[in-house]
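Worksheet: one structure, shown below.
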Amino acid sequence: MTNTTAFEWRPFLRRWSAEWSDSVLHEDETWTAEEEAALRDRWLGFPPASEERIAAMEQRLGRRMPPSYREFLGVSDGWQHAGGFVTLLAGVAEARWHDNESGLADMFEEYLDEDSGPDERREAGLWRRGLQLDVESDGTYVVLDPEDVDEDGEWAVYTWAGWRAAPPARFANFGEFMRDMHREFHRLRANSAEGQPEFADDTTRELDAAVEQARLDALRGDWERAERALDRAKGYGRPRAAGMGDQIRRLLGQTYMVYFEGLASDPRYAPELLPPLVAEQAAHSYRDDSTLEFDLRGATADVVSLAYSTLEQVRNGTYRYAPTGRFGEAVERARESTRWGDTDGAWRTLMDALPLWQSLGPDHLAPMGWVADPLLGPLLTPERGAELLSTPRGGRTGATPHRPTALDPDNLAWLAAPDEHMGRTSYRFILVEGVEPEDLPRRLADGTDAALDIPMTSHDAHRQRHDGRREFSSYDDKALMAVGRAGPGWSFAFDHDPAPFARQRFVSPAAAASEGTRAVVVWSGLRNWHGEPFFHLSVAQDGIEEYAFTYAEGETHRTGETPQALNPTRFFAPMQPTQKPTQEPTQEKAAETERSLLEALHNEFGAHLPRHALTHGRLHTFTTRSWTRPPADGETYAVITMDWEWTAATPTTDN
């Protein structure tokens with residue numbers, strides 16, 4: 001709550017009046033007698049209202065006025081040019097109950113229904129009970145709300161203008177409203193008309209000095225202090241403030257109303273600021289691309305052309321962030337780590353090299369283009385953005401920032417936790433020791449499938465896989481696997497969305513994957529929502545399966561000699577002869593069993609899977625051979641052939 005009693009109205013209003021007078025001296029305008037007097041006296045107000053007149057007003061209205069409005073009236077009985085759209089603000093004689101004079105209550109009440117909340121109903125009723133303060137305005141209404149009162153007795157102020165296409169704006173009290181109108185006056189004057197001298201006064205000079213200090217603070221790592229100063233200056237329309245503040249907001253993961261105003265259209269900064277700007281455009285396919293030109297108003301034809309070409313690259317996944325110098329070399333190393341799933345390592349590479357980064361100009365606060373890079377962009381989280389902003393750069397020095405917790409747990413157990421992003425109830429993966437991820441397709445796929453696709457999200461990979469596919473077999477279980485490194489000495493292939501588990505037809509790929517090394521296959525459906533829970537583990541060495549077990553339908557089937565740490569009896573109780581298969585254990589118990597199994601696997605083999613890369617990043621993918629055996633004699637299966645106009649399911653018997 002603002003302490004209104006500590007606010008000194010007279011110096012504030014005097015300063016505002018002088019600024020207004022100086023700003024209009026060169027304008028060719030016809031002024032009213034009151035405005036002529038305001039120019040002559042450098043005072044936008046009127047003589048103060050006496051306590052007797054204020055008391056008489058309160059008696060007329062039947063309410064004691066809120067403190068900040070009362071104090072204002074004691075300095076000036078009304079006000080001219082409150083902001084840009086209220087020509088005259090009420091004094092004691094003009095203030096009156098609005099009583100739906102504007103018809104706004106009818107308009108807002110028309111949109112109420114049984115689902116409308118108390119805030120919406122209070123907003124609609126505002127136009128019947130509010131105290132109207134606007135006397136002359138450009139379609140703008142200003143009302144004090146006697147039912148929106150704080151502990152100090154202050155009434156909230158609401159403003160509304162139909163041409164703004166926005167809900168009513170709320171201010172905690174009259175003092176806050178007037179300070180915002182002062183800022184609005186400055187914002188409207190900040191961009192001087194062509195041929196007019198630049199608008200400058202003590203306020204603008206003070207704010208511009210604060211903007212420059214904020215720039216230095218930001219480069220030193222004190223981004224929170226810088227953001228506060230830039231936001232204040234932005235409220236007054238000071239150039240540079242919005243463009244630099246947007247860089248901070250974007251690195252904190254915010255995209256709404258982030259346009260890098262005045263900077264993205266500058267050829268110096270366009271290579272860094274256009275990519276994140278157009279990435280947001282690309283993320284919203286419903287947007288008209290021509291709106292980019294509005295965001296880049298004032299830009300040269302070359303900058304606009306660069307914006308559209310960058311937009312095309314971002315949409316088709318070919319954009320690459322490529323700064324120069326030693327920081328650029330670190331970016332390439334980070335990209336290489338990211339494409340194999342080591343997102344934590346990639347981030348550390350970027351942060352270790354950040355002090356080497358150099359800005360493209362005085363208003364460039366941090367590397368920005370990487371957030372649009374298809375591989376590097378998913379590295380960003382609000383915590384990581386704050387770490388980047390807290391790191392001294394651009395030749396500045398400062399304190400070493402706290403490093404946030406790594407996003408990838410050094411284990412496999414995270415797979416057992418509920419995951420709202422993937423909605424996973426079943427998954428399967430292969431771990432292969434001592435080989436690079438590029439080698440996995442050769443071991444697990446045939447022909448044209450034995451090649452890696454470009455890195456992409458799981459969603460995009462599945463969509464690409466099914467685009468143009470016309471025939472599906474119920475016996476065909478070719479897995480779409482994302483690949484990467486699973487810690488020191490291991491590579492992985494992971495299937496986010498496996499087919500239903502068919503124990504009688506399942507063939508583990510562990511033996512094929514283990515040629516000249518060791519391979520581990522895991523397929524978990526212990527939290528399966530659509531059928532019986534199951535779990536499979538198989539381990540092979542040099543092309544031969546050493547041991548395996550499968551838990552399904554309440555029974556465990558084993559081959560080979562399983563190490564004690566992985567003995568299925570530690571995790572699954574044997575079913576009694578009279579016991580029927582059941583969906584039990586519960587989801588909670590199933591998750592605990594799964595977690596215990598995954599912890600045991602990690603302890604046995606030392607491998608882990610990169611959570612952030614699998615849930616948020618882009619990885620190379622390929623399609624394996626089928627995980628099910630061919631149909632035996634007499635077995636019936638379905639082949640589904642899809643066409644643009646018809647679908648046919650053809651039963652087939654293998655003879």
Check your understanding: Distance-only, no hydrogens or angles: does the Glu154 side chain make a donor-acceptor pair with backbone N or O of Ser68 under 3.5 Å?
Key -> yes
Practice item. Would you check if the side chain of Ser17 reaches a backbone N or O of Leu44 as a donor-acceptor pair within less than 3.5 Å? Key: yes
Exercise for review: Check whether any side-chain N or O of Asp145 sits under 3.5 Å from a backbone N or O of Ala156 as a donor-acceptor pair, and report yes or no.
Suggested key: no
Revision key, fill the gap. Hits for salt bridge (charged side-chain N to carboxylate O under 4.0 Å, His left out) against Arg228, two or more places apart or cross-chain, chain-then-number order -> none
**Study point:** Which residues share a side chain to side chain donor-acceptor pair (under 3.5 Å) with Arg170, sequence neighbours left out
**Key:** Asp148, Tyr158
Exercise for review: Find out whether the Lys NZ or Arg CZ of Arg179 is both under 6.0 angstrom from the six-membered ring centre of Phe7 and within 45° of the ring's axis.
Suggested key: yes
Point to revise | side chain to side chain donor-acceptor pair (under 3.5 Å) partners of Glu109, counting only residues at least two apart | key: Arg128
Review point. Is it the case that more than 12 heavy atoms not belonging to Arg268 sit under 6.0 Å from its CZ atom?
Key: yes
Check your understanding: Between Tyr321 and Val331, is there a donor-acceptor pair closer than 3.5 Å when you use the side chain of the first and the backbone of the second?
Key -> no
Point to revise | Taking every non-hydrogen atom, the tightest pair across Asp138 and Trp163 | key: O-NE1, 3.0 Å
Check your understanding: Can you find a side-chain donor-acceptor pair between Tyr319 and Glu312 that sits under 3.5 Å?
Key -> no
Review point. Between Phe85 and Leu188, is any pair of side-chain heavy atoms under 4.5 Å apart?
Key: yes
Point to revise | Residues that Thr203 engages under side chain to side chain donor-acceptor pair (under 3.5 Å), provided they are two or more places apart | key: Arg15, Glu19
Check your understanding: Within the distance-only criterion (no hydrogens, no angle test), does the side chain of Gln313 pair as donor or acceptor with the backbone N or O of Pro275 below 3.5 angstrom?
Key -> no
**Study point:** Salt-bridge contact Glu147-Arg129 (side-chain N to carboxylate O under 4.0 Å)
**Key:** yes
Check your understanding: Under the criterion side chain to side chain contact (heavy atoms under 4.5 Å, CB included), which of His81, Met178, His186 is the partner of Trp16?
Key -> Met178
Check your understanding: Who pairs with Ser102 by side chain to side chain contact (heavy atoms under 4.5 Å, CB included), at least two apart in sequence or on another chain?
Key -> His98, Leu104, Tyr141
Review point. Salt bridge between Arg220 and Asp222, side-chain N to carboxylate O under 4.0 Å?
Key: no
Check your understanding: So, the side chain of Glu387 versus the backbone of Arg403: is there a donor-acceptor pair under 3.5 Å, distance only?
Key -> no
Exercise for review: Could you tell me whether the side chain of Gln132 and the main chain of Asp134 form a donor-acceptor pair under 3.5 Å?
Suggested key: yes
Exercise for review: Indicate yes or no: at least one non-hydrogen side-chain atom of Thr381 is less than 4.5 angstrom from one of His612.
Suggested key: yes
Point to revise | Residue pairs, two or more places apart or on separate chains, that pass side chain to side chain donor-acceptor pair (under 3.5 Å) and touch residues 293-306 | key: Glu293-Tyr308
Point to revise | Expected output: side-chain Asp208 to main-chain Arg238 donor-acceptor under 3.5 Å | key: no
Practice item. With the side chain counted from C-beta on, respond yes when Leu133 and Val86 share a heavy-atom pair under 4.5 Å apart, and no when they do not. Key: no
Point to revise | Within 45° cone and under 6.0 Å: Arg14 NZ/CZ vs Trp43 ring | key: yes
Check your understanding: In chain order, what residues pass the side chain to side chain donor-acceptor pair (under 3.5 Å) check against Glu101, with sequence neighbours excluded?
Key -> Arg96
Review point. When you check the gap from the basic side-chain N to the acidic O, do Arg189 and Asp201 get nearer than 4.0 Å?
Key: no
Study note, to complete from the structure: To the nearest 0.5 Å, atom OG1 of Thr140 lies from atom CE of Met181 at 8.5 Å
Practice item. Would you mind reporting whether Met107 and Trp127 have side-chain heavy atoms less than 4.5 Å apart? Key: no
Check your understanding: Does a side chain donor of either Asn173 or Asp150 reach within less than 3.5 Å of an acceptor in the other side chain?
Key -> no
Practice item. Using atom types as modelled and distance alone, determine if a side-chain donor or acceptor of Arg393 lies under 3.5 Å from a backbone N or O of Ala218. Key: yes
Point to revise | Pairs involving residues 364-374, ordered by first then second residue, that meet side chain to side chain donor-acceptor pair (under 3.5 Å) (sequence neighbours left out) | key: Arg335-Asp373
Point to revise | Arg164 CZ: over 12 foreign heavy atoms closer than 6.0 Å | key: yes
Check your understanding: Is Asp180 paired with Arg183 through a side-chain N to carboxylate O contact shorter than 4.0 Å?
Key -> yes
Review point. OG1 of Thr615 to CG of Leu407: how many Å apart, nearest 0.5 Å?
Key: 8.5 Å
Practice item. Check the side chains of Trp20 and Gln80 for a donor-acceptor pair under 3.5 angstrom, ignoring hydrogens and angles. Key: no
Point to revise | Separation of Leu89 CG from Thr87 OG1 (nearest 0.5 Å) | key: 10.5 Å
Check your understanding: Rounded to the nearest 0.5 Å, what separation is found between the CZ atom of Phe327 and the CG atom of Asp352?
Key -> 11.0 Å
Practice item. For Val135, enumerate each residue passing the side chain to side chain contact (heavy atoms under 4.5 Å, CB included) test, keeping only those at least two apart in sequence or located in another chain. Key: Leu88, Ala90, Glu94
Check your understanding: Out of curiosity, Asp217 CG to Glu224 CD, how far, rounded to the nearest 0.5 Å?
Key -> 11.5 Å
Review point. More than 12 heavy atoms of other residues, nucleotides or ligands under 6.0 Å from CD of Glu227: is that the case?
Key: yes
Review point. Are Arg249 and Glu280 within salt-bridge range, i.e. N to O under 4.0 Å?
Key: no
Exercise for review: Indicate the atoms forming the closest heavy-atom contact of Leu277 with Leu296, along with that distance.
Suggested key: CD2-CD2, 3.9 Å
Check your understanding: With sequence neighbours left out, what residues match Glu212 under side chain to side chain contact (heavy atoms under 4.5 Å, CB included)?
Key -> Arg215, Leu216, Arg240
**Study point:** Pairs involving residues 57-78, ordered by first then second residue, that meet ring-ring contact (aromatic ring centres under 6.0 Å, His included) (sequence neighbours left out)
**Key:** Trp9-Phe72, Tyr69-Phe174, Phe72-Phe174
Study note, to complete from the structure: Residue set satisfying side chain to side chain contact (heavy atoms under 4.5 Å, CB included) with Ser50, at least two apart, ordered chain then number -> Glu52, Arg53
